[in-house]
There are 2 protein chains.
Amino acid sequence: MFYTIGEAAKILDVAPSALRYYDKEGLLPFIERSESGLRMFKESDIDWLKIIECLKATGMPIKGIRRFIECAREGDGTIKERLEILKTQRENVIRQIEEIQAHLEMIDYKVWYYSEALKAGSTEALKDYPEQNIPEKFRRYFRKS
Amino acid sequence: MFYTIGEAAKILDVAPSALRYYDKEGLLPFIERSESGLRMFKESDIDWLKIIECLKATGMPIKGIRRFIECAREGDGTIKERLEILKTQRENVIRQIEEIQAHLEMIDYKVWYYSEALKAGSTEALKDYPEQNIPEKFRRYFRKS
DNA sequence: ATATAAGTTAAACCATACTTTAAGTCAATA
DNA sequence: TATTGACTTAAAGTATGGTTTAACTTATAT
């Protein structure tokens, strides 16, 4: 029925200290305590923590996540705000994917570059490459001299 | 021919203090100085900084970037190591994209969830949804009660 | 009953990546 | 030539997201 903080931490693959930190920052207002003060994590608390993980991993700061949690506690009057928060985060994530894919292209170019350099035994050789020898998708990264 | 630190910072859209920090951390050993000690950024230095930006934005720590730069300075004997670094980073980036796409799916589910809740005027209504009313791709996130 | 493993808090500490400050030098323009 | 804006450094400060420590309590197994 309930998990201890150590069990919850293991399920979520985080340190117990991280869960205590989230609690202190107001991210876990829903966690019940035993009579002696121990945190008792329900299945639904684990679900909440997965959402927290998701928002955190996609770059939302702790304070932003707290606002979202607070809204959820306030009830149906905040549905619109919660939707707005998530839609905004969705846009952020889409932008992140675009950016990281652009960075991947540059890394792909560099992998190609050093693969060629390894074959040639030096990076000097690449400077004499005629434009035709450079895969088209990499030409935008290639600057002579 | 040369850019000042302020000009370079504007081109790269970073703060001059960030460039000074990178220099202090050993990321910019190639930057020349004027007789009076001012940094002079060449076009090729801007290219290096774009690579630094790329590695940094894809999660490589400053120390990792420094190692890569050091290798480049050491010359052709480090081509293999540089290639390894970039291949490893490429794998990291691919994993990052996969993870963020998984997170996007969860956010998409939440956007759907609160869109439905907004229509219904409450989140309670969703708890009575029959499985058929939940888009298939979201069912894995939907837990009753 | 008692040892030990795991829980509690507040407060201090850490890592990363910068930014800001202070005190001073340099460069460009009126 | 004087002033203003941009540069220099070292050192301190900031923000974020935790972890660690110390002192203590609780839970579990023998």
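The sequence lines fix the lettering, A, B, ..., with proteins before strands; numbering per chain opens at 1. Reckoned from all heavy atoms, side chains included, excluding hydrogens, waters and symmetry mates.
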Considering only heavy side-chain atoms of A:Thr4, the closest of C:dT19, C:dG7, D:dG17 is C:dG7
Winner on side-chain proximity to B:Tyr21, out of D:dA27, C:dC18, C:dT9, is C:dC18
Against the side chain of A:Ser36, the closest entry in D:dT26, D:dT8, C:dA27 is D:dT26
Does OP1 or OP2 of C:dT8 have a side-chain N or O of A:Arg39 closer than 4.0 Å? yes
*Is any side-chain N or O of B:Lys24 closer than 4.0 Å to OP1 or OP2 of D:dA11?*
no
Item to check | Salt-bridge present (A:Arg139, A:Glu136; N to O < 4.0 Å) | outcome: no
Note to self: By the 4.0 Å heavy-atom rule, please label A:Pro16 as base, sugar-phosphate, or nothing.
What the structure shows: nothing
> Which part of the nucleic acid does B:Arg20 contact within heavy-atom distance under 4.0 Å: base, sugar-phosphate only, or nothing?
Replying inline: base
**Asked** Could B:Glu116 and B:Lys119 be called an ion pair, given the rule that one side-chain N must be under 4.0 Å from one carboxylate O?
**Response** yes
Short side-chain N/O contact to C:dA17 OP1/OP2 from B:Arg66, under 4.0 Å:
no
- Task: Can you label the angle between the A:Trp48 ring and the A:Phe30 ring as parallel, tilted or perpendicular, going by 30° and 60°?
- Result: parallel
Exercise for the section: Begin with the C-alpha distance, continue with both residues' side-chain angles, and end with the deciding distance and a verdict on side chain to side chain contact (heavy atoms under 4.5 Å, CB included) for B:Tyr114 and B:Thr123. Expected result: CA-CA 8 Å; B:Tyr114 284 111; B:Thr123 57; 4.2 Å; yes
From CD of B:Glu25 across to P of C:dA17 the rounded distance in Å is 9 Å
Notebook entry, point to check: Within the structure, does a side-chain N or O atom of B:Arg33 lie under 4.0 Å from either OP1 or OP2 of C:dT25?
Noted result: no
Checking C:dA17, C:dC18, D:dT26 against the side chain of A:Leu38 (C-beta onward), the nearest is D:dT26
Rounded to whole Å, CG of A:Leu28 lies from C1' of D:dG17 at a distance of 14 Å
The nucleotide from D:dT20, C:dA27, C:dT9 with an atom nearest the side chain of A:Ser17 is D:dT20
